[in-house]
Amino acid sequence: LPSSCDWRRLKGIISPIRQQENCNCCWAMATAGNIEALWGIRYNQVVQVSVQELLDCGRCGDGCRGGFVWDAFITVLNNSGLASERDYPFQGDVKPHKCLAKKYKKVAWIQDFIMLQDNEKTIARYLATEGPITVTINMKLLQQYQKGVIKATPATCDPQAVDHSVLLVGFGRSKSVGGRRAEGGASQPHPRRSIPYWILKNSWGAEWGEEGYFRLHRGSNACGITKYPLTARVDLPVKKRPVSCPP
Amino acid sequence: GSLRNKDPGPQPLELKQVFMLFQIQYNRSYSNPEEYARRLDIFARNLAHAQQLEAEDLGTAEFGVTPFSDLTEEEFGQLYGHQRMAGEAPSMGRKVGSEESGES
């Protein structure tokens with residue numbers, strides 16, 4: 001397991017930050033990001049897939065009122081892939097009876113999808129060797145978040161009450177030697193330390209957080225990050241080639 | 001005393017000034033004075049909560065004004081979470097082939 005991994009550093013793997021606006025479609029945007037990244041890693045092709053197709057063609061109807069990552073993957077399997085974002089652009093609302101899946105050419109498809117073990121080391125290993133993973137977290141602390149590494153406890157962020165899906169794109173350890181209080185010097189200095197973290201891609205626009213991303217503490221199941229780690233498989237396991245996540 | 005004539009230096013912004021800056025930055029307007037007052041109250045509570053998080057947090061995270069600072073926690077959850085998760089999530093941990101799962 002490498003000490004750090006950041007798929008953003010490999011060009012063409014992580015698509016631009018999306019903006020879900022008034023549509024509760026984080027689950028569809030996280031899924032789209034997962035497929036785009038895996039497609040880029042496996043086939044060296046930059047694709048942006050249609051989130052709107054996931055919303056319009058989902059079996060559960062109005063995808064702007066919420067959904068699950070696993071339902072998005074089932075939609076991709078049922079439709080034999082996804083059209084491009086350019087052909088079938090995001091509208092921010094849903095026309096459940098207007099599924100246009102058959103109208104456009106598919107630009108990416110998946111073989112199946114899996115849920116990983118609820119273990120942060122397993123998740124890190126899979127992330128580093130296979131690619132980005134969708135996770136579903138409790139988003140409570142994100143409402144006031146600006147930047148830095150969030151270190152939550154079950155009391156401040158219930159790991160069972162997960163309600164927001166995002167894409168896990170990397171991990172690392174903070175280089176700052178000392179916590180925020182030590183850096184600011186406003187109160188008692190903390191002992192020197194580095195904090196292990198996850199890097200997550202959100203779907204609230206690039207203006208939010210750390211240019212659309214945020215970091216969560218790694219190793220404490222912060223905000224329930226291990227509850228639903230799901231990822232597509234874009235290739236048959238037997239054909240797998242080793243990939244390398246840039247440090 | 002002699003201190004009275006000294007320049008007090010930069011003063012912290014009043015809550016309403018901070019709220020006005022928030023409205024400008026995130027292009028927010030409210031339909032009537034009652035709604036404005038309600039949002040200002042929510043904004044103040046959220047700022048206080050952000051300060052509390054800063055005090056409690058053991059990481060390096062900074063909390064403060066965000067695009068969601070005029071929303072209650074419930075509104076934020078409804079607008080940006082996935083509501084279907086609010087109910088009981090389906091069982092995903094069941095082993096394939098176990099007695100519980102029935103047919104494959």
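All of these numbers come straight from a predicted model, not from anything done at the bench. Naming: A, B, ... by sequence-line order, numbering from 1 per chain.
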query = Going by heavy atoms in the side chains, are A:Gln143 and B:Tyr80 under 4.5 Å from each other?
reply = no

message = Among A:Asp118, A:Leu142, A:Leu141, A:Asn22, which residue has the highest count of heavy-atom pairs closer than 4.5 Å to chain B?
response = A:Leu141

task = Pick one of side chain, backbone, both or neither for A:Glu21, based on which atoms fall under 4.5 Å of a heavy atom in chain B.
result = backbone

inquiry  = With a 6.0 Å cut-off (strictly less than), is the heavy-atom count around CD of A:Gln111, excluding the residue itself, greater than 12?
reply    = yes

note = Closest heavy-atom pair, A:Gln144 versus B:Leu53, reported as atoms and distance to 0.1 Å, is CG-CD1, 4.1 Å

request  = Against chain B, label A:Ser203 side chain, backbone, both or neither, depending on which of its atoms sit under 4.5 Å from a heavy atom there.
outcome  = neither

inquiry  = Just verifying a value: how many Å separate A:Met139 CE and B:Glu73 CD, rounded to the nearest 0.5 Å?
reply    = 9.0 Å

key: Atom CD of B:Glu75: over 12 foreign heavy atoms under 6.0 Å   = yes

query = Is the count of non-hydrogen atoms from other residues, nucleotides or ligands lying under 6.0 Å from A:Glu211 atom CD greater than 12?
reply = no

note = Rounded to the nearest 0.5 Å, the OG1 atom of B:Thr60 sits from the NE2 atom of A:His217 at a distance of 10.0 Å

request  = Can you measure from OH (A:Tyr145) to OG1 (B:Thr66) and round to the nearest 0.5 angstrom?
outcome  = 12.0 Å

